[in-house]
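Scroll down for the structure; my scribbles are underneath it.
Side chains included, hydrogens not; waters and symmetry mates left out as well; all remaining heavy atoms used. The chains referred to below are lettered A, B, ... by the order of the sequence lines, with proteins before strands, and numbering in each begins at 1.
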There are 2 protein chains.
Amino acid sequence: MGDVTSASATPSTPARPRRNRRAEILEAAARLFAARGFHGVPIEEICGAVGVSGPALYRHFSGKEALLAEMLLDVSSRLRESAVAVATSSPGPEQSLDALLDVQITFAIEQPALITVHDRELGNVPEPHRRQIRRLQRLYVEEWVTVLAELHPTCPAARLRAAMHAVFGLLNSTPHSAGELAGGDMRPLLRVMARAAIDAAVNAR
Amino acid sequence: MGDVTSASATPSTPARPRRNRRAEILEAAARLFAARGFHGVPIEEICGAVGVSGPALYRHFSGKEALLAEMLLDVSSRLRESAVAVATSSPGPEQSLDALLDVQITFAIEQPALITVHDRELGNVPEPHRRQIRRLQRLYVEEWVTVLAELHPTCPAARLRAAMHAVFGLLNSTPHSAGELAGGDMRPLLRVMARAAIDAAVNAR
DNA sequence: CGATGACGTTAACGATGACTAACATTCGAG
DNA sequence: CTCGAATGTTAGTCATCGTTAACGTCATCG
């Protein structure tokens, strides 16, 4: 989180840390966008948060919207990749579901800012990339739906999709209840609630 | 509706044509804020959506932030009032819980834009009102926690609070899954999922 | 009838903020 | 040592946007 950005102390001797500026900027931007929204955060502030100032951003991204696009693309493709990996390496749908839950919960707990931005700021991504991100998100949902459909073949896919959106809402609520519960207790709580919600959705008549 | 609207004091002839521009503007603003965020929507566009243009907004609100503040204050006080009414008029905690679920689900389904803005844009409300809105939100959550604590006295309050945030996330996911399911099917689905999630949270381990 | 006040308009003003230009500095080749 | 990326910096530019000013209209009321 809030690491020491005391870097540029003397303007005479810059450039030592050798750290990846790109990644730093993406991380700071995620945190700030999550707090005040894409248009609520000036570039100046993003770069200031990592110790460089202003137009340095254009050395790493072609613009503010490109920064957001890359951020969302990265998140959605990582989620999707994890889901595919999990689904293909599990012996059966039951284990797949468990592993999928683990993926999403881990992501929600460890990257709350990214998760928040991911489902709020798609509307601010310019059209070339928007479609691509949407596609990845859809594929991610479909991984879940496929697994659930194996477990409950009689449940209509539309219902499974709607239920999954609700479950994502449940799991992604973590950022809003930060600090409510001891860190270690959050994960099992989310897991048991999500599991119960899913079971209820597919079973209820 | 918290402030003193002049002219309502004179009982002589309050029968103005009273087109509710105020309400129209609030509604349009909610829809637009939900889609692109507070800072993503110019005043021009809000007013344009209701047929007037530009600075006409200042005939009804003291500024853009005041508009947002009133919107959030209205939502949070309405929710809180409904919760209090429900809790005091139900014969027991079990019925209270059912009624609370009904309140939240109805609101989420009928006012998706308001719900969305309500839990995204608090960070853009200036400090005088921010505290007040937070307070109302907290009181709303406490209504739920009180009811749940009656039903499950052994469950720590912190866990109940965390579980409730997750349930709100589940119920407020409606805007994201708009159109996924036939209108009439959404309500019972959300209800059964939320109920199962709550039961799992308070019973597990 | 005039005065008043609610409500709207267009034309500015001023701040902010995204982006560009021009100009250093460091460092790893060659 | 020199060249040229890579990575910063500061000082603009230009569009956008919140807000105010000045002005018009029309219904109501004394």
Looking only at side-chain atoms of A/His60, point me to the closest of D/dT7, C/dA21, C/dT10. D/dT7
Heavy-atom donor-acceptor pair, A/Arg195 side chain to A/Leu101 backbone, under 3.5 Å: no
note: A/Arg21, atom CZ; D/dT7, atom P; distance rounded to Å ~ 10 Å
Show the nearest heavy-atom pair for residues A/Val117 and A/Ala30, with the distance to one decimal. CG2-O, 3.5 Å
Mind checking whether B/Thr116 and B/Phe33 have side chains closer than 4.5 Å, heavy atoms only? no
Separation of D/dG18 atom P from B/Phe61 atom CZ, nearest Å, is 15 Å
With B/Tyr140 as partner, the option from B/Gln104, B/Arg80, B/Arg78 fulfilling side-chain hydrogen bond (donor to acceptor under 3.5 Å, both in side chains) is B/Gln104
Roughly how far, to the nearest 0.5 Å, is the CD atom of B/Glu127 from the CZ atom of B/Arg131? 4.5 Å
Supply the atom-to-atom distance B/Glu143 CD to B/Thr88 OG1, rounded to the nearest 0.5 angstrom. 8.5 Å
Only one of B/Leu97, B/Leu151, B/Leu160 passes side chain to side chain contact (heavy atoms under 4.5 Å, CB included) with B/Ile198, and that residue is B/Leu97
Figure out the CG/P separation between A/Leu68 and C/dG17, and round it to whole Å. 17 Å
Separation of D/dT9 P from A/Leu57 CG (nearest whole Å): 12 Å
Report the nucleotide, chosen from C/dA18, C/dG8, C/dC23, that has the shortest atom-to-atom distance to any side-chain atom of A/Tyr58. C/dA18
It should be established whether B/His39 places a side-chain nitrogen or oxygen under 4.0 Å from OP1 or OP2 of nucleotide C/dG17. no
Rounding to 10°, can you tell me the angle the first-five-pair axis of the helix from C/dC1-D/dG30 to C/dG30-D/dC1 makes with its last-five-pair axis? 10°
In whole angstrom, what separates B/Ile25's CD1 from C/dC7's C1'? 11 Å
Going by heavy atoms closer than 4.0 Å, what residues in residues 43-54 of chain B are next to DNA chain D? B/Ile43
Step through the shown structure and confirm whether more than 12 heavy atoms of other residues, nucleotides or ligands are within 6.0 Å of NE2 on B/His39. yes
The side chain of A/Pro55 is closest to which nucleotide in this list: C/dC19, D/dG18, D/dT20? C/dC19
How close or far is atom P of D/dT9 from atom CZ of A/Arg59, stated in whole angstroms? 10 Å
Could you check if a side-chain atom of B/Leu122 sits within less than 4.5 angstrom of a side-chain atom of B/Arg134, using non-hydrogen atoms only? yes
From CG of B/Asn124 over to P of D/dG18, roughly how many Å is that when rounded to an integer? 12 Å
